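Here the structure is laid out as structure tokens; the discussion comes afterwards.
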Number of protein chains: 2
Amino acid sequence: MTRSEAFSQQPASRRIAQALRTAIERGELSAGAKLPSERALAEEYGAARNTAREAIRLLAEQGLVTAKHGRGVFVREPQRLFRFGSDRYSLKNRETGLTPFRLEAKRQGKTARIDVLGITREVPSPDIAERLKIRDDQETVVHRKNHYFADDEPVQIVSTYLRWDEAQGTLLMQPKAGPHGIYGRLEELGHVMTRVRDEISARMPTPEEARLLGLPPGVPVLEVLHTSLDQDLEPFEVSRYVHRADRTGLLYELPVE
Amino acid sequence: MTRSEAFSQQPASRRIAQALRTAIERGELSAGAKLPSERALAEEYGAARNTAREAIRLLAEQGLVTAKHGRGVFVREPQRLFRFGSDRYSLKNRETGLTPFRLEAKRQGKTARIDVLGITREVPSPDIAERLKIRDDQETVVHRKNHYFADDEPVQIVSTYLRWDEAQGTLLMQPKAGPHGIYGRLEELGHVMTRVRDEISARMPTPEEARLLGLPPGVPVLEVLHTSLDQDLEPFEVSRYVHRADRTGLLYELPVE
DNA sequence: AAGTGGTCTAGACCACCTG
DNA sequence: AGGTGGTCTAGACCACTTA
């Protein structure tokens, strides 16, 4: 290790990472380009392979590159955001008969696919119970768990929770809930959606989520806890959306009251 | 390594990580608790220290633990979300004379501090120019860059962009923009905020952001690109908020139109 | 001084992918 | 078959924290 001057007090792995980062930002390594192999980097910088590997890990952690086993390390493609507008709940958009996801996909020229992972009856977790205003801790809910794909790429996982006494024996218990999806059925039950409340957070995925969403390391998820309020401002539906953050943007446009 | 059955085809590092994850989820290792040292884990599982280290890296990547140099590895404290309601732009909240951030901090019983990182004149980037409806690529904007703290902990970095011809020579060029902050001055200029548009995304921080926000590895950021629209639905202010995701939740409540 | 994590070396074998 | 990343070993020294 030369470390000839005060030039770099930094660890070698960081210097290698910095050099690569600069090359990426300058466009010398453009999106999709392959980085030199770990062994090549190690030799170039006179370091052990593990040190070059650590440099690549730093870049992956920043979301700049992704490693493909057996192929190489590649500069990540720029984000193509799949936007979910706040008007996805809008009544006028439901006149098409499409569910919000299918409508958004169609707008963007993508094919939509929805896998039903399960429809079960269960005791809700405290955060769900609170938002559905369920106070009796014996009361159960219906949990509909779905997996959404756009152009066959996984985009989001959604868990929807409804009161058991309302859903019991209706199409709300079936994979295909009929025209306009579950909101159509809920409207027939007397719940007109008049306001929505979305609570948004971001975090790293659990291993389970990483698997379901096909997430490479270093990609966070956006979590939206959504509550629908009816004409009496009573909650009648709560959903938890988990989106892969590198393909999702959320857009909210609202009046200042 | 016993590997007595098909019990675990997984790498040793993942098995160690899984064991620790289970202990955390069961509460055997509660929030703030110290994990066994890397050397202790290595011995316990009959692995090299680097392997135990890799296990801890996996947990850190999932946001479960944080390493403190020279002290140990600790289970991360649960998130204390600092909520920014959609009503933070609300007119009625401005009657206090407080800026939105100071108001929100006060509500939560925290002290607010705002560092001004710079107020400069510059040519806007394309995404800012587009949202401010600036089409002449010579036209400049004022860029106010601030750093916000709650209880002296960094919470967000905010860049606010205003038209140069409106801000020039006014309090909008000063660190202290006067009563009600910049929105007070903009209202005097004839811009009544009637709608807002927030575009939300999440990603891993740049090294610069990690430094400014004091982010441990494995914590993503929430980015909000905010546009204020006036009574003519013309944009008059654009801001880019960068929040640390482990302390920030966003709440939007809006009517379904 | 002792213990902790941070970095690094110089190997090794395995799993995956491409020619 | 040969190259790539994925995992692992058994050491070493450094930087930081605590007692």
Side-chain angles (χ1 to χ4, degrees), chain A residues 1-3 6-20 29 32-61 64-76 207 210-211 214-218, chain B residues 1-3 6 8-20 29 32-62 64-76 207 210-211 214-218:
Chain A
M1 194 184 308
T2 56
R3 186 161 294 184
F7 160 59
S8 177
Q9 295 296 58
Q10 289 189 57
S13 51
R14 258 182 250 183
R15 281 189 292 119
I16 300 174
Q18 187 53 52
L20 291 170
L29 288 168
K34 184 171 169 299
L35 269 59
S37 76
E38 296 174 350
R39 288 161 178 91
L41 282 171
E43 188 173 12
E44 181 182 348
Y45 288 90
R49 187 184 152 206
N50 270 351
T51 303
R53 192 175 166 74
E54 171 72 8
I56 288 172
R57 231 211 63 235
L58 290 170
L59 296 175
E61 208 169 61
L64 281 176
V65 303
T66 312
K68 309 281 179 78
H69 195 169
R71 301 212 287 133
V73 178
F74 300 85
V75 179
R76 200 171 275 180
R211 189 176 58 77
L215 284 178
Chain B
M1 194 182 308
T2 56
R3 186 162 294 186
S8 178
Q9 295 294 55
Q10 287 190 55
S13 51
R14 258 183 250 183
R15 281 189 293 119
I16 300 174
Q18 188 52 51
L20 291 170
L29 287 167
K34 186 172 167 301
L35 269 59
S37 75
E38 295 174 351
R39 288 163 179 88
L41 283 172
E43 188 172 12
E44 180 182 348
Y45 288 90
R49 188 186 152 204
N50 270 351
T51 303
R53 191 175 168 73
E54 171 72 8
I56 288 171
R57 232 211 61 234
L58 290 169
L59 296 175
E61 209 170 60
Q62 296 164 25
L64 281 176
V65 302
T66 312
K68 308 281 178 79
H69 194 168
R71 300 213 287 134
V73 178
F74 300 86
V75 180
R76 201 171 275 179
R211 189 176 56 76
L215 285 178

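Numbered from 1 within each chain, the chains take letters A, B, ... in sequence-line order. Keep in mind the model is a prediction, meaning the values are calculated, not measured.
Summarising the geometry, the separation between CD on A/E54 and P on C/dT9 is reported as 11 Å, rounded to the nearest angstrom. Rounding to whole angstrom units, CZ of residue B/R15 and C1' of D/dT7 are separated by 12 Å. If you take CD1 of A/I16 and P of C/dC8, they are 8 Å apart, rounded to a whole angstrom. Per the geometry, OH belonging to B/Y45 stands 18 Å off P belonging to D/dA10, to the nearest Å. Remark: P of C/dG6 and CG of A/L58 are 12 Å apart, rounded to the nearest angstrom. Rounded to whole Å, atom C1' of D/dA10 lies 17 Å from atom CG of B/L41. Atom-to-atom, CD of A/E38 to C1' of C/dA12 comes out at 15 Å; the value is rounded to the nearest Å. The distance from atom CD of B/E43 to atom P of D/dC8 is 18 Å, rounded to the nearest whole Å.
Of the inter-residue distances, the one linking A/R53 atom CZ with A/L41 atom CG reads 12.0 Å to the nearest 0.5 angstrom. Rounding to the nearest 0.5 Å gives a distance of 9.0 Å between CD1 of A/I56 and CD1 of A/I16.
Salt-bridge formation is detected for the pair B/R57/B/E61: a Lys NZ or Arg NE/NH1/NH2 atom is positioned less than 4.0 Å from an Asp or Glu carboxylate oxygen.
OP1 and OP2 of C/dT7 both lie 4.0 Å or more from every side-chain N or O belonging to A/T51. Considering only side-chain N and O atoms, B/S37 lies under 4.0 angstrom from the phosphate OP1 or OP2 of C/dT4. Note on B/S13: a side-chain N or O is less than 4.0 Å away from OP1 or OP2 of D/dC8.
The side chain of A/P11 lies closest to C/dT7 when the candidates are C/dT7, D/dT17, D/dA10. Which of D/dC8, C/dT7, C/dC16 sits closest to the side chain of B/A12 comes down to D/dC8. Checking C/dT7, C/dT9, D/dC8 against every side-chain atom of A/A48, the shortest atom distance belongs to C/dT9. Of all nucleotides listed (D/dT7, D/dA15, C/dT9), D/dA15 comes nearest to the side chain of B/H69. Closest to the side chain of B/N50, from the set D/dG11, D/dG5, D/dC8, is D/dG11. Looking at the side chain of A/R53, the nearest of the listed nucleotides C/dT18, C/dC8, D/dT7 is D/dT7.
More than 12 non-hydrogen atoms from other residues, nucleotides or ligands lie less than 6.0 angstrom from CD of B/E44.
Heavy atoms of A/R57 sit nowhere under 4.0 angstrom from any nucleic acid atom.
Between A/R39 and A/G70, the residue anchored closer to the 5' end of DNA chain C is A/R39, taking for each the nucleotide with the nearest heavy atom. The 5' end of DNA chain D is approached more closely, in terms of each residue's nearest nucleotide, by A/K68 than by the other of A/K68 and B/R71. Comparing A/K34 and B/A47 against DNA chain D, the residue whose closest nucleotide sits nearer the 5' end is A/K34.
Between B/R76 and B/T66 there is a side-chain heavy-atom pair separated by less than 4.5 Å.
Residue A/R49 places a side-chain atom within donor-acceptor reach of the base of D/dG6, judged by atom type and a 3.5 Å distance cut-off alone.
The two atoms that bring A/A55 and A/S13 nearest to each other are CB-O, 3.2 Å, heavy atoms only.
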